[in-house]
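Side chains included, hydrogens not; waters and symmetry mates left out as well; all remaining heavy atoms used.
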Protein chains: 2
Amino acid sequence: MDMPDTAERLIRSTQELLWDRGYVGTSPKAIQQHAQAGQGSMYHHFAGKADLALAAIQRSAAELRAEAETALGGRGTALERIDAYLLRERDILRGCRLGRLAQDPDIVANEDLRQPVHETFDWLRQRLAGVVADGVRHDELPAGLDPDATAAAIAAVVQGGYVLARATSSPDSFARAIAGLRQLLGAISQHRQ
Amino acid sequence: MDMPDTAERLIRSTQELLWDRGYVGTSPKAIQQHAQAGQGSMYHHFAGKADLALAAIQRSAAELRAEAETALGGRGTALERIDAYLLRERDILRGCRLGRLAQDPDIVANEDLRQPVHETFDWLRQRLAGVVADGVRHDELPAGLDPDATAAAIAAVVQGGYVLARATSSPDSFARAIAGLRQLLGAISQHRQ
DNA sequence: GTCTATAAGAAGATAGAC
DNA sequence: GTCTATCTTCTTATAGAC
């Protein structure tokens, strides 16, 4: 268990702070303190706040994608894989690492910083749409169902569930939204074994 | 068309800036410039940034609630009223005035500032649940449907739709999520006239 | 009510020593 | 690679004149 090197600690610290406070709310000083790195260290390894944030966002995007893939690429029916995604462990009140950045004006205004966020959500929707399409192909889901729209609704319930949970300071709000979506999906499923 | 008085301009300016930049990203100076009010003016009318933000958030919460009520309290079947809510005009890429505040660490950390956000989302879910319950009562929607969970899912798709739209810089992402939800609701509805 | 002056501290770096 | 010094601008006010 060696201590990660300085650049690595800076990236990980920035990931944590971006998650909790966003880009606008995260200062270089706070990053340095969290990473136990000096001013000079940070500016030696990274050109500045934006450069470091880019590394952190790319890292978070890759992690998120891997976690989603674990659920969506698992075994089971389409509905079971969607359930695995919807019910996977989440730090609900902390929100989505990437989704929160979509609210940040300085992220949205900076094309470099926005790109990994954009790409990840594009990937997620396509990945979810693929699973929905599988469900339609195997007669689990009705033939008329639009995989892209359904996928977008699923991703939106998760992102919106986070918002509702934070707004009400209660993870229950997230759970309720997920339960509502699962009930709708269950109601239209063809229950084939 | 008189110019609103100073306190009023300060509140409206703060509403706009909170919407676009959040609490952490909004400085008193920016508010003063937007409102064309001086430093002394602002601190004469309000105790400080938090006090002014509270007034602005309460105002935005009341406005949002009134707009939702217009759609949800209109005439028509339950599904038509939900559609009216889902399809009402929105400034999609700007996001939700209140939902974006749920991401703000300084809002969540301050009970006074969080309260109007919390209350508004509680109200919205209950209001939506009432409409869903109406639908169940009138046999538009299946008897087994959980109104609270369905309401949470509907609110989450809207909030999440905003997140997806901002993440992808495209209002289409919002529209797709709404379309997905409407397709699910349509599929389970009983199509009674 | 509004204006200007003042101020302690943070934000986001740059420069040069070690 | 890391450290300290320095710098400009911004943040969030307070104080007192007008």
Side-chain angles (χ1 to χ4, degrees), chain A residues 2-57 100-101 103-114, chain B residues 2-57 100-101 103-114:
Chain A
D2 295 329
M3 189 165 184
D5 67 24
T6 304
E8 179 66 20
R9 289 202 318 277
L10 284 163
I11 291 176
R12 293 190 194 172
S13 294
T14 305
Q15 286 185 275
E16 298 300 312
L17 290 168
L18 286 182
W19 195 345
D20 288 330
R21 302 199 45 85
Y23 185 82
V24 170
T26 297
S27 69
K29 187 178 183 181
I31 295 170
Q32 291 151 27
Q33 289 176 341
H34 190 281
Q36 300 198 63
Q39 191 105 315
S41 248
M42 185 190 124
Y43 285 101
H44 171 73
H45 291 285
F46 299 93
K49 176 179 168 178
D51 185 42
L52 179 46
L54 178 59
I57 293 170
R100 79 110 54 233
L101 297 180
Q103 300 293 345
D104 211 302
D106 289 7
I107 297 281
V108 172
N110 181 324
E111 198 174 334
D112 292 338
L113 297 179
R114 195 182 49 213
Chain B
D2 296 329
M3 187 164 185
D5 67 25
T6 303
E8 179 66 20
R9 289 203 317 279
L10 283 164
I11 291 176
R12 292 188 193 173
S13 294
T14 304
Q15 285 184 277
E16 298 301 312
L17 290 168
L18 286 182
W19 195 345
D20 288 329
R21 303 199 43 85
Y23 185 82
V24 169
T26 298
S27 69
K29 188 178 183 181
I31 295 171
Q32 291 151 27
Q33 289 175 341
H34 191 282
Q36 301 198 66
Q39 191 104 318
S41 249
M42 184 189 126
Y43 284 102
H44 171 73
H45 291 286
F46 299 94
K49 176 177 167 178
D51 185 41
L52 179 45
L54 178 58
I57 294 171
R100 79 110 54 234
L101 298 179
Q103 299 292 346
D104 210 302
D106 289 7
I107 297 281
V108 172
N110 182 325
E111 197 173 336
D112 292 337
L113 298 179
R114 194 181 51 214

**Study point:** First and last nucleotide of DNA chain C, 5' to 3', lying under 4.0 Å from heavy atoms of chain A
**Key:** dA10(C) to dT14(C)
Review point. Salt-bridged, R12(B) to E16(B), with N to O below 4.0 Å?
Key: no
Practice item. Specify the closest pair of heavy atoms between Y43(A) and G48(A), including all atoms of both residues, with the distance to one decimal. Key: CE2-CA, 3.8 Å
Review point. Do I11(A) and F46(A) touch side chain to side chain, with heavy atoms closer than 4.5 Å?
Key: yes
Check your understanding: Are side-chain heavy atoms of S27(A) and Q33(A) found at a separation under 4.5 Å?
Key -> no
Revision key, fill the gap. On a heavy-atom basis, the closest approach of A50(B) and L113(B) is O-CD2, 3.6 Å
**Study point:** Stretch residues 38-53 of chain A: residues that reach within less than 4.0 Å of DNA chain C through a heavy atom
**Key:** Q39(A), Y43(A), K49(A)
Review point. Does the T26(A) side chain pair with the main chain of L17(A), one donor and one acceptor, at a distance under 3.5 Å?
Key: yes
Point to revise | Side-chain (R9(B)) to main-chain (Q36(B)) donor-acceptor, under 3.5 angstrom | key: yes
What does the list of N/O pairs under 3.5 Å between the protein and nucleotides 8-10 of chain D look like, with a distance for each?
none

Check your understanding: Looking only at heavy atoms, what is the nearest atom pair of T6(B) and A37(B), with distance?
Key -> CG2-CB, 3.9 Å
Revision key, fill the gap. Closest non-hydrogen atoms of T14(B) and L10(B), given as atom of the first, atom of the second and distance, are OG1-O, 2.7 Å
**Study point:** Test item: R114(B) side-chain N/O and I107(B) main-chain N/O as donor-acceptor pair under 3.5 Å
**Key:** no
